[in-house]
Amino acid sequence: GGHFYEIQKLCERSGVGFRVKTSEELAQFYLRVLTEEGFLDNVQDRTTELLDRERGALQRTVSPLATVLDGIVD
C-alpha cells in the first residue's frame with residue numbers, strides 16, 4: 001500500500017487516473033485521448049473537482065488540530 005498507492009486509487013476512483021497493464025492498453029488509452037471528443041475536457045473537470053474536494057478535506061482535518069494546538073501553546 002502506502003501513501004502513493006492511496007493517491008493512485010483515489011485518482012482511479014475519481015476518473016482522473018487510468019491503469020493499463022499492457023502496451024496495447026496504453027496504445028488504446030492514447031488513441032482515446034486523441035480521438036474521443038471531450039475526453040480530456042471531462043478528465044480536466046474531474047481533476048478540478050478532485051482537487052477542490054481534497055483541499056477541503058485537508059482543511060477540515062487540519063483546522064481542529066490547529067485549534068487544539070492553539071489551546072496548548074497559549
- Message: Phe18: which residues meet the ring-ring contact (aromatic ring centres under 6.0 Å, His included) condition with it, sequence neighbours left out?
- Response: Phe29, Phe39
- Item | Results of side chain to side chain donor-acceptor pair (under 3.5 Å) for Asp41 - residues two or more places apart only | none
- Is there a donor-acceptor contact under 3.5 Å from the side chain of Arg46 to the main chain of Val16? no
- Please round to the nearest 0.5 Å and tell me the distance separating atom CG of Leu31 and atom CG of Leu26. 11.0 Å
- Query: Excluding sequence neighbours, so at least two apart, what forms side chain to side chain donor-acceptor pair (under 3.5 Å) with Gln28?
  - Reply: none
- Query: Under a single-linkage definition using a 4.5 Å side-chain heavy-atom cutoff for Ile, Leu, Val, Met, Phe, Trp and Tyr, are Leu51 and Leu40 assigned to the same hydrophobic cluster?
  - Reply: no
- Item | Residues forming a side chain to side chain donor-acceptor pair (under 3.5 Å) with Arg19, sequence neighbours excluded | Glu12
- Message: Test of understanding: with side chain to side chain donor-acceptor pair (under 3.5 Å), list the residues that count as partners of Thr48, not counting sequence neighbours.
- Response: none
- Message: Test of understanding: with side-chain contact (heavy atoms from CB on, under 4.5 Å), list the residues that count as partners of Glu25, not counting sequence neighbours.
- Response: Val20, Lys21, Thr22
- Sorted by chain and number, sequence neighbours left out, salt bridge (Lys or Arg N to Asp or Glu O under 4.0 Å) with Glu36 holds for Arg32
- Message: Testing the basics here: between Val43 and Gly15, what is the closest heavy-atom pair and its distance to 0.1 Å?
- Response: CG2-O, 4.2 Å
- Paired with Ser14, the side chain to side chain donor-acceptor pair (under 3.5 Å) test is passed by just one of Lys9, Arg53, Glu49, namely Arg53
